[in-house]
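Since this is a predicted model, take the numbers as computed values, not measurements.
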Amino acid sequence: MDYIVLSIPVFFLLIGIELLIGKLRKTRLYRLNDALSNISCGIAQQITIALSKTVLVVAYVYLYDHYRLFEIHETWWTWVLLFVGVDFFYYWFHRMSHEVNLLWGAHIVHHQSEEYNLSVALRQSSFQGFFSMIFYLPLALIGFNPIAFATINAFQTLYQFWIHTKTIDRLPAPIEFMFNTPSHHRVHHGRNPRYIDKNHGGTLIIFDRIFGTFQKEEEEVVYGVTKPLRSWNPVWANFDYYADLWRDLRQPMRMVDRLRLLFAEPGWMPATLGGVRTPPEVTAETAEVFDTTIPPSLNYYILAQYLGVLAVTTLFLFNGAALPQAMQWVVSAWIVLSIINIGLLSEGRAWVRFLEVARLLAVMPLLIGIGSCKTYLILAVIVATGSTLFLWRVR
């Protein structure tokens, strides 16, 4: 059972509640372009998982079946032990994702938003799952059942959704001491130098306290990363840091320095190329936030199209496994093209309108391939035609 997919309606319900709270408090918590970019990164991640789910769990199951050291029977205390174990290994995966260049290149996607709201929780890397699973393999060797592990791991992921908010201040001291909270996680998303690489905990915060990476929320948090993405393209978000890393690797340096660069902390460079790049000082008053301005009518178009993409994505995540393998890839490609186009339209790129027309026209053969009834096909023709005419009227 995929608890994350089943929770999608709850995610959007809570986002709607947070939007309402922002309106009532007259606080600007969301920007449309940023929020859609965040959700699009989550869509890309879920599509990747849907196409590679077997690969992600095969190592854990194989080690459990053939090399486990103990036969752990499920009791309340073994579930508690597994909960602590998952959080412990998550802490080290998360910490290493901030301290190792290769891992940071994937994890950085989650930190690129310069806002902080519940949509940021959905902003996830498409590749991070391939790295994170390695850290949990000791639990398989110890003998924790794969189903129990998947359940606790999903719970931890779901727990971290609600802490991505500015609407909740500090909680009672005992909770703040033991658990990860919105206050602690706001610090984790800060690019203020004192906040960088702090508070890596998942559900618990005690491992940060034990291993010296805890930081209390003090000065106002400036969100984002030290080198802003400056794009709403969710696919490019997954490659931007690796492109920078590739450019660094091509500079003149010793082979040993190239190897070290891959596994060093972000910002490390050999002394011959200037040494470590320290993060710049930043405050809420001096920080510049990336934004783009497009015609209001284009915003309406983007929002309408995005609702359609969300509907298709949700149906695919719930029912896609029943489709033939080839059709799964076709639908996935259409969804990914959709979120790329919407990101580029949000940036005001005029040339993407030609690609958008192609995406709209692709809806028709897509429905034929899936085998939908003629009523849906006729509706698709009307929507595609009307959308195309509207898109080309926007100035």
Side-chain angles (χ1 to χ4, degrees), residues 1-7 42 45-46 48-100 102-107 109-110 121-122 124-163 177-181 184-185 188 197-214 263:
M1 184 181 296
D2 194 329
Y3 297 100
I4 307 302
V5 172
L6 291 175
S7 300
Q45 181 222 26
Q46 288 299 311
T48 304
I49 290 175
L51 296 176
S52 61
K53 190 173 293 183
T54 303
V55 176
L56 291 176
V57 300
V58 67
Y60 190 101
V61 174
Y62 182 82
L63 287 176
Y64 175 81
D65 286 341
H66 296 89
Y67 296 103
R68 67 180 182 269
L69 300 175
F70 306 102
E71 191 75 34
I72 297 179
H73 300 287
E74 293 183 14
T75 64
W76 69 266
W77 66 268
T78 60
W79 278 88
V80 171
L81 190 61
L82 178 58
F83 166 76
V84 175
V86 168
D87 218 71
F88 174 78
F89 287 111
Y90 175 84
Y91 168 84
W92 283 107
F93 151 69
H94 198 180
R95 180 170 174 175
M96 290 300 101
S97 293
H98 281 255
E99 297 180 357
V100 176
L102 273 178
L103 302 184
W104 176 238
H107 185 63
V109 176
H110 182 57
L122 304 181
Q124 300 291 335
S125 162
S126 295
F127 309 125
Q128 183 170 278
F130 297 98
F131 296 121
S132 64
M133 185 55 67
I134 297 171
F135 286 80
Y136 295 115
L137 294 182
L139 295 171
L141 291 173
I142 293 170
F144 286 106
N145 184 283
I147 296 176
F149 163 74
T151 302
I152 295 294
N153 192 43
F155 168 79
Q156 187 205 61
T157 301
L158 293 172
Y159 177 91
Q160 292 181 64
F161 178 79
W162 76 277
I163 60 178
F177 181 82
M178 180 69 70
F179 295 97
N180 199 4
T181 65
H184 296 329
H185 207 60
H188 179 71
D197 297 343
K198 302 295 183 182
N199 298 0
H200 301 294
T203 305
L204 305 174
I205 202 68
I206 55 173
F207 294 118
D208 286 286
R209 296 184 185 276
I210 292 171
F211 296 112
T213 52
F214 176 74
F263 297 97

Note, [X] side chain near [Y] side chain (heavy atom, < 4.5 Å):
| X | Y | value |
| --- | --- | --- |
| W104 | D197 | no |
| V109 | Q124 | no |
| Q46 | I49 | yes |

Return the minimal non-hydrogen interatomic distance between [X] and [Y], and the atom names on each side.
| X | Y | answer |
| --- | --- | --- |
| Y91 | G201 | CD1-N, 4.2 Å |
| L82 | L139 | CD1-CD1, 4.3 Å |
| T203 | Q156 | OG1-CG, 3.4 Å |
| S125 | Q128 | OG-N, 3.2 Å |
| R68 | A140 | CB-O, 3.6 Å |
| S7 | L158 | OG-CD2, 3.4 Å |

Pairing residues for [X] by the ring pair (Phe, Tyr, Trp, His ring centres under 6.0 Å) criterion, not counting sequence neighbours:
| X | value |
| --- | --- |
| Y159 | W162 |
| H188 | H94, H98, H111, H185, H200 |
| F179 | none |
| F131 | none |

Measure the [atom1]-[atom2] distance between [X] and [Y] for me, rounded to the nearest 0.5 Å.
| X | Y | atom1 | atom2 | answer |
| --- | --- | --- | --- | --- |
| F88 | L204 | CZ | CG | 12.0 Å |
| W79 | I72 | CH2 | CD1 | 12.0 Å |
| F135 | R95 | CZ | CZ | 11.5 Å |
| M96 | L103 | CE | CG | 8.5 Å |
| F161 | L122 | CZ | CG | 5.0 Å |
| F144 | I152 | CZ | CD1 | 10.0 Å |

Holding to side chain to side chain contact (heavy atoms under 4.5 Å, CB included), I want the full list of residues that pass it with [X], two or more places apart in sequence or in another chain.
| X | answer |
| --- | --- |
| F177 | R209 |
| I210 | F207 |
| P146 | Y60, V61, Y64 |
| W77 | T75, L81 |

Could I get the full list of side-chain hydrogen bond (donor to acceptor under 3.5 Å, both in side chains) partners for [X], not counting sequence neighbours?
| X | value |
| --- | --- |
| Y136 | none |
| S132 | none |
| D208 | T213 |

A quick test of your reading: do over 12 heavy atoms of other residues, nucleotides or ligands sit less than 6.0 Å from OH of Y67?
no
Answer yes or no: are there more than 12 heavy-atom neighbours, outside I147 itself, under 6.0 Å from its atom CD1?
no
Contacts of E74 that satisfy salt bridge (Lys or Arg N to Asp or Glu O under 4.0 Å) - sequence neighbours left out
none
With no hydrogens and no angle check, just 3.5 Å: does a side-chain donor-acceptor pair link N180 and Q160?
no
